[in-house]
Number of protein chains: 2
Amino acid sequence: MNIKTRAKLEARARIIKALAHPTRLFIVEELDKKECCVRELTEMIGADMSTVSKHLAVLKNAGIVTDEKRGSQVFYKLRVLCILKFFGCVESVLRVSAEEQLEATR
Amino acid sequence: MNIKTRAKLEARARIIKALAHPTRLFIVEELDKKECCVRELTEMIGADMSTVSKHLAVLKNAGIVTDEKRGSQVFYKLRVLCILKFFGCVESVLRVSAEEQLEATR
DNA sequence: GATAAGTTTGGCTATTTTACCAATTAACCA
DNA sequence: TGGTTAATTGGTAAAATAGCCAAACTTATC
């Protein structure tokens with residue numbers, strides 16, 4: 001595997017890794033509905049605000065969300081709108097797994 | 001966030017996490033071209049075979065690939081064919097990031 | 001200006017992940 | 001049978017992640 005291929009894969013992996021956490025998936029789903037401030041997300045998630053803030057920083061560093069300060073609040077929104085389609089395939093992995101489990105019990 | 005929502009997000013995150021590594025992305029791309037045995041993948045990747053074997057186990061546990069033993073070799077293939085489409089969106093995150101970097105230099 | 005609300009950052013600990021090496025298992029073949 | 005190739009498993013050390021608390025900072029409000 002050459003250096004260029006590796007760099008490309010690492011760039012992709014960074015983005016995917018940013019999505020690879022249940023809380024961050026939740027955030028992405030909520031931001032797909034509407035932009036939210038940190039406090040709103042924190043209330044929905046039920047973790048410490050500092051934890052949520054760090055998750056948001058991960059998504060921001062990966063280029064998945066952007067932030068905008070308005071007054072004392074910081075609003076986050078999705079930067080790339082296709083992220084949700086992304087999950088269609090994830091669901092099909094789950095679906096196939098579920099079907100095979102079902103077959104195993106027959 | 002209720003318990004059912006959390007369980008769904010955790011299931012998704014497990015699959016996404018399995019993809020969140022450059023070597024595993026490489027494996028998925030190769031398996032999209034054709035099924036491969038562990039030795040073939042190991043040669044292409046250039047890591048220890050035990051390392052590659054463990055990456056394959058991660059993908060298998062996530063339900064992304066299946067394996068089949070033939071003689072002394074174990075062949076792996078993609079179980080869910082849409083995985084590659086999945087990357088289209090990842091690329092658009094990279095593309096938008098690249099564009100913004102370009103704008104910043106103007 | 002003091003206080004409160006919203007957010008981020010630093011520090012710490014616990015957990016998870018990764019990679020390599022060594023050992024083990026399984027299949028092939030000379 | 002003994003040696004070789006293919007693959008997995010267990011162990012271990014290093015690095016990365018995740019969560020909470022406390023502290024710092026900014027903006028609004030009184």
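Chain letters run A, B, ... following the sequence lines, proteins first, then strands; residues in each count from 1.
- Using a 4.0 Å cut-off on heavy atoms, the residues of residues 20-35 of chain A that approach DNA chain D are A:His21, A:Arg24, listed by number.
- Distance alone, capped at 3.5 Å, places no donor-acceptor pair between the B:Arg24 side chain and the B:Leu59 backbone.
- Following chains of ILVMFWY side-chain contacts shorter than 4.5 Å, one can reach B:Val52 starting from A:Met1, so the two form part of one hydrophobic cluster.
- Between the CG atom of B:Leu19 and the P atom of C:dT18 there is a distance of 12 Å, rounded to whole Å.
- Side-chain N or O atoms of B:Ser53 include none that pairs as donor or acceptor with a backbone N or O of B:Met49 at under 3.5 Å.
- Within the 4.0 Å cut-off from OP1 or OP2 of C:dA19, at least one side-chain nitrogen or oxygen of B:His55 is found.
- Nucleotides of DNA chain D with any atom under 4.0 Å from a heavy atom of chain B span, from 5' to 3', D:dA6 to D:dG11.
- If you check every strand for non-hydrogen atoms under 4.0 Å, B:Lys60 touches nothing.
- Ion pairing between B:Glu99 and B:Arg95 fails under the 4.0 Å rule for side-chain N and carboxylate O.
- No path of Ile, Leu, Val, Met, Phe, Trp and Tyr side chains, each step under 4.5 Å between heavy atoms, connects A:Phe75 with A:Ile45, placing them in separate hydrophobic clusters.
- For the pair A:Lys17 and A:Ala47, both in contact range of DNA chain D, the more 5′-proximal nearest nucleotide belongs to A:Lys17.
- Under the 4.5 Å side-chain heavy-atom criterion for ILVMFWY residues, a single connected hydrophobic cluster contains both A:Val96 and B:Tyr76.
- Looking only at side-chain heavy atoms (C-beta outward), A:Lys17 and B:His21 stay at 4.5 Å or farther from each other.
- When all heavy atoms of A:Ile64 and A:Ala18 are compared, the pair lying nearest together is CD1-CB, 3.9 Å.
- Hydrophobic clustering, with ILVMFWY side chains joined whenever heavy atoms are under 4.5 angstrom apart, groups A:Val28 together with A:Ile16.
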### Query
Reading nucleotides 1-13 of chain C 5' to 3', which nucleotides get B (base under 4.0 Å from a protein heavy atom), which S (sugar-phosphate only), which -?
-----SBBBBB--

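- For B:Lys4, the NZ atom is loosely surrounded, since the number of other residues' heavy atoms within 6.0 Å does not exceed 12.
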